[in-house]
Amino acid sequence: QVQLVESGGGLVQAGGSLRLSCAASGRTFSSYAMGWFRQAPGKEREFVVAINWTGSTTYYTTSVKDRFTISRDKVKNTVYLQMNSLKPEDTAVYYCAANSGGGRWYTGFGYDYWGQGTQVTVSS
């Protein structure tokens, strides 16, 4: 069973930065597309960013493009989300997820393994 564990969340002032990490178990990590989702209080889950299985292609939703960067380190079995210029509207629980099949990874569908989430709170 694949397990994903997020870390790096916390409370930060607007304009600050955080780096989230997602540690994946098993060697199959190298063949999975990986994504980050977030859910703010009272709102639906939002697909934020993703990276394909090779790390050669990325997707960013327009609200975070030029502020967030997704990357992966296959040696460490870890995917990262570098978040800069944070805004209060970025406040949410952030979830790491894996797309084991690879299809439609850039749409936010097909993610079948999920982490427990890490809280990101951005104050004004």
Side-chain angles (χ1 to χ4, degrees):
Q1 185 83 340
V2 175
Q3 291 188 343
L4 305 172
V5 181
E6 302 99 330
S7 62
L11 193 154
V12 65
Q13 291 194 109
S17 299
L18 285 173
R19 188 180 74 161
L20 306 184
S21 298
C22 174
S25 66
R27 299 177 183 178
T28 54
F29 167 80
S30 63
S31 65
Y32 293 173
M34 301 293 294
W36 288 93
F37 298 74
R38 65 187 182 187
Q39 188 164 23
K43 295 187 176 181
E44 296 293 320
R45 185 182 65 192
E46 178 187 13
F47 177 47
V48 183
V49 300
I51 188 167
N52 76 339
W53 74 278
T54 66
S56 63
T57 308
T58 56
Y59 167 86
Y60 297 88
T61 194
T62 55
S63 65
V64 306
K65 187 174 176 59
D66 300 323
R67 298 190 298 120
F68 291 10
T69 303
I70 187 171
S71 62
R72 66 192 304 163
D73 186 330
K74 294 189 175 183
V75 174
K76 297 181 179 179
N77 284 351
T78 302
V79 62
Y80 302 96
L81 181 62
Q82 178 66 46
M83 305 185 294
N84 299 325
S85 301
L86 283 162
K87 304 175 181 179
E89 52 262 44
D90 294 319
T91 295
V93 177
Y94 283 71
Y95 297 92
C96 175
N99 185 321
S100 61
R104 303 175 67 188
W105 62 272
Y106 50 88
T107 70
F109 291 91
Y111 289 83
D112 38 15
Y113 298 102
W114 295 81
Q116 82 288 350
T118 186
Q119 176 70 233
V120 172
T121 303
V122 184
S123 63
S124 300

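Computed over heavy atoms, backbone and side chain alike; hydrogens, waters and symmetry mates excluded. Position 1 is the first residue of the sequence, and the numbers go up from there.
In this structure, CG on L86 lies 11.5 Å from CD on Q13, to the nearest 0.5 angstrom. Between atom OG of residue S31 and atom CG of residue N52 there is a gap of 11.5 Å, rounded to the nearest 0.5 Å. To the nearest 0.5 Å, atom OG of residue S71 and atom CE of residue M34 are 11.5 Å apart. Between atom CD of residue Q119 and atom CG of residue L11 there is a gap of 9.0 Å, rounded to the nearest 0.5 Å. The CZ atom of R38 sits 9.5 Å away from atom CG of L81, with the distance rounded to the nearest 0.5 Å.
Of all non-hydrogen atoms in Q82 and S17, the two that sit nearest each other are NE2-CB, 4.0 Å. Across all their heavy atoms, P88 and S124 have their closest contact at CG-OG, 3.5 Å. Nearest heavy-atom pair across R104 and N99 is C-ND2, 4.3 Å.
Cluster annotation: V93 and V12 are assigned to distinct hydrophobic clusters (Ile/Leu/Val/Met/Phe/Trp/Tyr, side-chain heavy-atom contacts under 4.5 Å, transitive). Transitive grouping of hydrophobic side chains (ILVMFWY, heavy atoms separated by less than 4.5 Å) keeps V120 and Y80 in distinct clusters. When the side chains of ILVMFWY residues are joined at heavy-atom separations under 4.5 Å, either directly or via intervening members, F68 and W105 end up in two distinct hydrophobic clusters. Note: the hydrophobic cluster containing Y111 also contains Y95 (ILVMFWY, side chain heavy atoms under 4.5 Å, direct or indirect links). A continuous path of ILVMFWY side-chain contacts below 4.5 Å connects W36 to L4, so both sit in one hydrophobic cluster.
Judged purely by atom type and a 3.5 angstrom limit, Q116 uses its side chain to pair as donor or acceptor with the backbone of E6. Of the possible polar contacts, one joining the D112 side chain to the S100 backbone as a donor-acceptor pair under 3.5 Å is found. Looking only at distances, a side-chain donor or acceptor of S25 sits under 3.5 Å from a matching main-chain atom of Q3. Side chain of Y60 to backbone of I70: a donor-acceptor contact under 3.5 angstrom is found. For the pair T78 (side chain) and K76 (backbone), a donor-acceptor distance under 3.5 Å is present. A donor-acceptor contact shorter than 3.5 Å is absent between the side chain of R72 and the backbone of A33.
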**Report entry** Chi angles and distances behind the side chain to side chain contact (heavy atoms under 4.5 Å, CB included) call for E46, S63
**Finding:** CA-CA 11 Å; E46 178 187 13; S63 65; 3.9 Å; yes
Query - side chain to side chain contact (heavy atoms under 4.5 Å, CB included) evaluation trace for C96 with V79 - result: CA-CA 9 Å; C96 175; V79 62; 3.8 Å; yes
**Report entry** Evaluation steps, side chain to side chain contact (heavy atoms under 4.5 Å, CB included), between M83 and V64
**Finding:** CA-CA 9 Å; M83 305 185 294; V64 306; over 6 Å; no
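Counting non-hydrogen atoms of other residues, nucleotides and ligands closer than 6.0 Å to OH of Y106 gives a total of 12 or fewer.
Between F37 and the options F109, Y94, W114, a ring-ring contact (aromatic ring centres under 6.0 Å, His included) holds for only W114.
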